Amino acid sequence: MYCDRCGEPGTHPECTAARELEPPRYCPDCRRRMKVQVVPTGWTATCVEHGDRHG
Amino acid sequence: MPEILDHARTRVLDDGAGLDEAGILEVLRLPDEDLPELLQLAHDVRMKWCGPEVEVEGIVSLKTGGCPEDCHFCSQSGLFASPVRAVWLDIPSLVEAAKQTAATGATEFCIVAAVRGPDKRLMDQMRAGVRAIREAVDIQVAASLGMLTKEQVDELAEMGVHRYNHNLETCRSYFPNVVTTHSWEERWSTLTMVRESGMEVCCGGILGMGETLEQRAEFAAQLAELDPHEVPLNFLTPRPGTPFGDRPVVEGRDALRAIAAFRLAMPRTILRYAGGREITLGDLGTRDGLLGGINAMIVGNYLTTLGRPATADLELLKDLKMPVKSLSATF
Ligand code: SF4
Ligand SMILES: [Zn+2]
Ligand SMILES: [Zn+2]
């Protein structure tokens, strides 16, 4: 598992806190940078290999 | 009462004229103990010259990331090692975002693209997008697409874009520390063309990028000279991978002093909370700013970062007995 904010292995308290006001940027399964679209009420993050995540 | 507040009471509150640069600087330098009085005065000015309504807006990114410019605060520049990837929003999703925004009671929907200026593809997308929104949603459409040519200004006005956002970001003297790929003057020239076209001018910037208090005052005075319809005020949220990624966030009390100072510089403008308030001010500070000169807000998420839920802000406005500006009031 990779941190979905910074892409490094594991989880990081600083990243977890920041994620409250940010969508994920890295796929937690493969650490690829995801394509992320933010809209007023949510976000979609897409990994070419692992598909869509929503928030 | 500090002399500068006495002076502001007469000049700004009574006469509706803005403070000059020296006066703004004095306000930015007021000690903490004078902050409540300063905020009250800025609030009185806003109530007298703008009224109690709050203009609510939603924003969305039509084209995210991969920008050729080097604005040092921006996670969408393609020149930094930022994790933000380039992506386009399709028209149905754009219309959906406008619908969601209108459902909050917002009257403004701003379409933003991370570009130096629009190319044909972007202008075509805008044309199709604005048309689709106008057919489906009762909301005013604004745009922020970087630097424009005269032809593009006219095209956007003709599409029905009623307000154009182009931030100067910071004062003229500090701008070269923030952006090197284009100049403050180039931005100013787009703003001049927008004004001449009849579209409303929206122009603000970001505080906390390393500018001095003198430069913050300079910025407010330069905005006052431009006299925009709306001023969106952002506080830097340091973005990973950008040159400003390690900067400290603005202290809450400094942010409130700046909000009040900008209001005293521009008594009649729509002064909008934009990005960064969640981190810089938190919930309590957000309330203080709305009682200290702010009369507009972006609700919901931003372009690449998230805001607090629109419902939380709307609750707050209800609590403060500040009505959301309606569409009928904006025509
Ligand atoms: S022009 Fe806009 S999108 Fe591009 S780097 Fe500057 S602020 Fe970011
Ligand atoms: Zn991390
Ligand atoms: Zn993946």
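When reading the values below, keep in mind they use all heavy atoms of this one structure, side chains included, and skip hydrogens, waters and symmetry mates. Computed from a predicted model, the values in this text were never measured in an experiment. By convention in this document, chain letters (A, B, ...) are assigned in the order of the sequence lines, proteins followed by strands, and residues within each chain are numbered from 1.
Of the atoms belonging to B:Leu303, it is backbone heavy atoms, and not side-chain ones, that fall under 4.5 Å from chain A. Proximity to chain A (any heavy atom under 4.5 Å) is shown, for B:Thr305, by both the backbone and the side chain. With a 4.5 Å cut-off on non-hydrogen atoms, B:Ala310 does not touch chain A at all. In this structure, chain A has a heavy atom under 4.5 Å from the backbone of B:Ile59, while its side chain stays farther away.
Residue B:Arg131 qualifies as open at atom CZ: its count of foreign heavy atoms under 6.0 Å is 12 or below. Atom CZ of B:Arg134 sits in a sparse spot, with 12 or fewer heavy atoms from other residues, nucleotides or ligands closer than 6.0 Å. Heavy-atom contacts from other residues, nucleotides or ligands closer than 6.0 Å to CG of B:Asp246 number 12 or fewer.
Between A:Glu22 atom CD and B:Ser75 atom OG the span is 8.5 Å, to the nearest 0.5 Å.
Contacts with chain A were tallied for B:Val84, B:Thr64, B:Thr101; B:Val84 has the most, counting heavy-atom pairs under 4.5 Å. Most heavy-atom pairs under 4.5 Å with chain A: of the set B:Ile279, B:Leu89, B:Leu94, this distinction falls to B:Leu89. Interface summary for chain A: among B:Arg308, B:Glu278, B:Arg239, the most heavy-atom pairs under 4.5 angstrom belong to B:Arg239.
With a 4.5 Å cut-off on side-chain heavy atoms, B:Pro240 and A:Arg25 do not count as touching.
At least one donor-acceptor pair under 3.5 Å links the side chain of A:Arg33 to the backbone N or O of B:Ser82.
Below 4.5 Å, heavy atoms of chain B meet heavy atoms from A:Lys35, A:Val36, A:Gln37, A:Val38, A:Val39, A:Pro40, A:Thr41, A:Gly42, A:Trp43, all part of residues 35-43 of chain A.
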